[in-house]
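Step one of this worksheet: look at the structure below.
Please read all numbers here as calculations on a predicted model, not as lab measurements. When a residue number appears, it is its place in the shown sequence, counting from 1.
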Amino acid sequence: MNAHGTPVGSGTPAGPGTPAGSGTSVTSVTSVFVRLKLSLLRNGLRQSGGRRAAYIASVVVVLLFAALQLIGLIALRGHAHVDALVILLAAVLGLGWAVMPLFFPGGDETLDTTRLVMLPLRPRPLIRALLTASLVGIGPLFTLCMFAGSVVAVAHGGAAYAVGVVGAVLALLVCVTLARTVAAANVRLLTSRRGRDLAVLSGLVIAVGAQLVNFGVQRLGSSGLEQLGPAADVLRWVPPASAIGAMDAAGDGAYGVALAQLALTAAALVLLLRVWSRHLTRLMTTPDGSTLRSDTRPVRERGSSGLARLLPAGRTGTTMERTLRYVWRDPKTKAAWVTSLAIGLIVPVFNAWQGTGSVYFACFAAGMLGIQMYNQFGQDTSAFWMVAMTISSTRDAHVELRARALALLLITLPYATLVTVLTTAMLGDWRTLPEALGLSFALLGAMLATGAWTSARFPYSIPQEGYKNVAPGQVGLAWISIFGGMVGAALLCAPVIALTIWLNVREGGGGWLLLPVGTVYGAALSLLGLRLAAPRTAGRLPEILTAVSKG
């Protein structure tokens, strides 16, 4: 049903004897959406060989990880507490499907149903088509591998295998439908300015959640799978984990419990489909009034802020102020910074609090904040043309990159120092403080250098509307830019790392030398990286502008 209330099955009028929403129209719409998703993927891979290589590499890594997990689950067959593990795994997968499609950079275009508002489609055929298209991808394949491994690890007997197959399919459908329902319920919120600003909290949620999972894995390694029993007893009645719990119940001969758990999962699927249909109908028939309200408050003239008066004069100060304003005002940039600040503090401090950490974990703070140097021009999006107009020489490009790096250093240097001192104080290992600081500063300089170079060589767009952090077809480019740059930074830091190891093996003191050595080495790397990136930036301005304007 479109905005005018006209019901159409698949974009072609139904004949007099053809009921609306018949199987033929549904099949047509479904096949169109599956081909649409495959076309989006294929066209994105056609952009360049580098993107194809990055996508293939990411697929290989995911499939390899899925294969290892599958082998691990099969190896646990017969373990006394493997049922608790697979139930918890199903619950974690369901939670991941509910959260990650909104905030993970690799979301696909078909998640944004507001793009379909002008199409004459019925809600039910559209839901079937979107659900089928959602099953095409590496994410559903990975989830299916996890559920298949769970079936092999737990099922004993024909009834358990039968229930396991049905339960795995139901659990996968619940996961995918849950992702679609959450996306449809929040698409208007996330595409609004205020909603995008609230999405900054997702970085904190993901950061804390990842650390909780990490600590949980560490505890399992020391205490065994029996620790999962109490949590599994509760989660076996929570979809989609209840579908996996039904398989365990069928293996024990509790067929009534197994049917009840399968019925609970099926009911959850039906409920999610109804909620999804309701939100989808609302999106397709209700106008977006988020921009109708006018602000009648008088506009106040703003003078230069106190920070602006402290910055250098000329282009350097102007660029630094613009970069810092992006950090404070732009929702996507703010989300990235909040996530990096949270993870950079949580990892070393939580490990130190548990007594299992090291002072060198403080380098995580410098590493997470150094990532913000990557894709510097992408955060400008289409407004980068205003910056490009002011770059007419290699010197202009060098000043622009240097000012952006200096703006980052205003935050990263004191923050990395604070996290290192705090971690050292919690561990009481003050002797290694100069070494950790020297390594942090060297790593930060290396990431500024590689970030400046990859910003010019592998720029990609960050869409301002919606919930994606990478434009469609540029996901592989983003992976190359970030992870390729991080590998390069690690290699550049190899001399300082080798010096640290040698001084500790020699046990003759001199660890304090790493602080000045790491500081000077990091500064030299950053200056060299900016020098090398400047001519590439000046020479590739049209390509950079095209890449960052796609969102």
Determine all donor-acceptor pairs shorter than 3.5 Å in which one atom belongs to a side chain in residues 450-457; sequence neighbours excluded.
| from | atom 1 | to | atom 2 | distance (Å) |
| --- | --- | --- | --- | --- |
| Thr450 | OG1 | Tyr374 | OH | 2.7 |
| Thr450 | OG1 | Ala446 | O | 3.0 |
| Thr450 | OG1 | Met447 | O | 3.4 |
| Thr450 | OG1 | Gly485 | O | 3.4 |
| Thr454 | OG1 | Thr450 | O | 3.0 |
| Thr454 | OG1 | Gly451 | O | 3.3 |
| Ser455 | OG | Met373 | O | 3.1 |
| Ser455 | OG | Asn375 | N | 3.0 |
| Ser455 | OG | Gln376 | N | 3.0 |
| Ser455 | OG | Gly451 | O | 2.7 |

In residues 342-350, what donor-acceptor pairs under 3.5 Å come from side-chain atoms, sequence neighbours left out?
none

**Request:** For Val60 and Ile56, run side-chain contact (heavy atoms from CB on, under 4.5 Å): C-alpha distance rounded to whole Å, both residues' side-chain angles, the deciding distance at 0.1 Å, then the answer.
**Result:** CA-CA 6 Å; Val60 170; Ile56 293 173; 4.3 Å; yes
**Prompt:** Taking it one step at a time, do Met247 and Val151 satisfy side-chain contact (heavy atoms from CB on, under 4.5 Å)?
**Reply:** CA-CA 7 Å; Met247 172 180 54; Val151 172; 3.8 Å; yes
**Request:** Carefully, step by step, assess Leu76 and Val86 under the rule side-chain contact (heavy atoms from CB on, under 4.5 Å).
**Result:** CA-CA 10 Å; Leu76 287 173; Val86 297; over 6 Å; no
**Request:** Test side-chain contact (heavy atoms from CB on, under 4.5 Å) on Leu70 and Val152 and set out the steps.
**Result:** CA-CA 9 Å; Leu70 182 60; Val152 176; 5.8 Å; no
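Once rounded to the nearest 0.5 Å, the distance linking CD1 of Ile87 with CG of Leu235 reads 8.0 Å. The structure places CG of Leu448 at 9.5 Å from CG of Leu443, a figure rounded to the nearest 0.5 Å. To the nearest 0.5 Å, the span separating CH2 on Trp276 from CG on Leu131 amounts to 5.0 Å. Note that the SG atom of Cys175 and the CG atom of Leu144 stand 10.5 Å from one another [nearest 0.5 Å]. Note that CZ of Arg180 and CG of Leu130 are 5.0 Å apart. Values are rounded to the nearest 0.5 Å. Here the OG1 atom belonging to Thr537 is positioned 11.5 Å from the CD atom belonging to Glu543, to the nearest 0.5 angstrom.
With sequence neighbours excluded, no residue forms a ring pair (Phe, Tyr, Trp, His ring centres under 6.0 Å) with Phe361. By the side chain to side chain contact (heavy atoms under 4.5 Å, CB included) test, Leu271 is found to be paired with Val275, residues two or more places apart in sequence or in another chain being considered. In terms of the ring pair (Phe, Tyr, Trp, His ring centres under 6.0 Å) criterion, Tyr460 has no residue partners (sequence neighbours excluded). Scored by the side chain to side chain contact (heavy atoms under 4.5 Å, CB included) test, Thr412 finds Trp337, Leu369, Leu409, Leu444 as partners (sequence neighbours excluded). Residues meeting the side chain to side chain contact (heavy atoms under 4.5 Å, CB included) test with Ser242, sequence neighbours left out: Pro239, Gln261, Leu264, Thr265. In this view, Phe142 and Phe65 satisfy the ring pair (Phe, Tyr, Trp, His ring centres under 6.0 Å) rule, not counting sequence neighbours.
The shortest heavy-atom contact between Ala547 and Pro459 is CB-O, 3.5 Å. Of all the heavy atoms in Ile244 and Ala90, the pair that sits closest is CG1-CB, 3.8 Å. For the pair Ala91 and Ala241, the tightest heavy-atom approach, listed with the atom from each and the gap, is N-CB, 4.0 Å. A pairwise comparison of heavy atoms in Leu73 and Leu85 identifies CD2-CD2, 4.4 Å as the closest pair. Between Leu89 and Ser150, the shortest heavy-atom distance links the atoms CD2-OG, 4.2 Å. Minimum heavy-atom separation, Gly529 to Ala449: CA-CB, 3.7 Å.
Between Leu439 and Cys493 the shortest side-chain heavy-atom distance does not fall below 4.5 Å. With a 4.5 Å cut-off on side-chain heavy atoms, Leu126 and Leu280 count as touching. Side-chain atoms of Val548 and Asp380, non-hydrogen and from C-beta on, never get closer than 4.5 Å to each other. Leu173 has its side chain within reach of Val169: a pair of non-hydrogen atoms, C-beta onward, lies under 4.5 Å apart. In this structure the side chain of Phe33 never reaches within 4.5 angstrom of the side chain of Ser134, judged on heavy atoms.
Each salt bridge (Lys or Arg N to Asp or Glu O under 4.0 Å) pair with one or both residues in residues 65-86, not counting sequence neighbours, appears once here: Asp83-Arg236. Legend: salt bridge (Lys or Arg N to Asp or Glu O under 4.0 Å) pairs involving residues 350-367, not counting sequence neighbours: none detected. Residues in residues 475-486 take part in no salt bridge (Lys or Arg N to Asp or Glu O under 4.0 Å) pair, two or more places apart or across chains. For residues 347-363, no residue pair satisfies the salt bridge (Lys or Arg N to Asp or Glu O under 4.0 Å) rule, not counting sequence neighbours.
The backbone N or O of Leu341 sits less than 3.5 Å from a side-chain atom of Tyr415, completing a donor-acceptor pair. A distance-only check finds no donor-acceptor pair linking the side chain of Ser277 to the backbone of Leu273 [under 3.5 Å].
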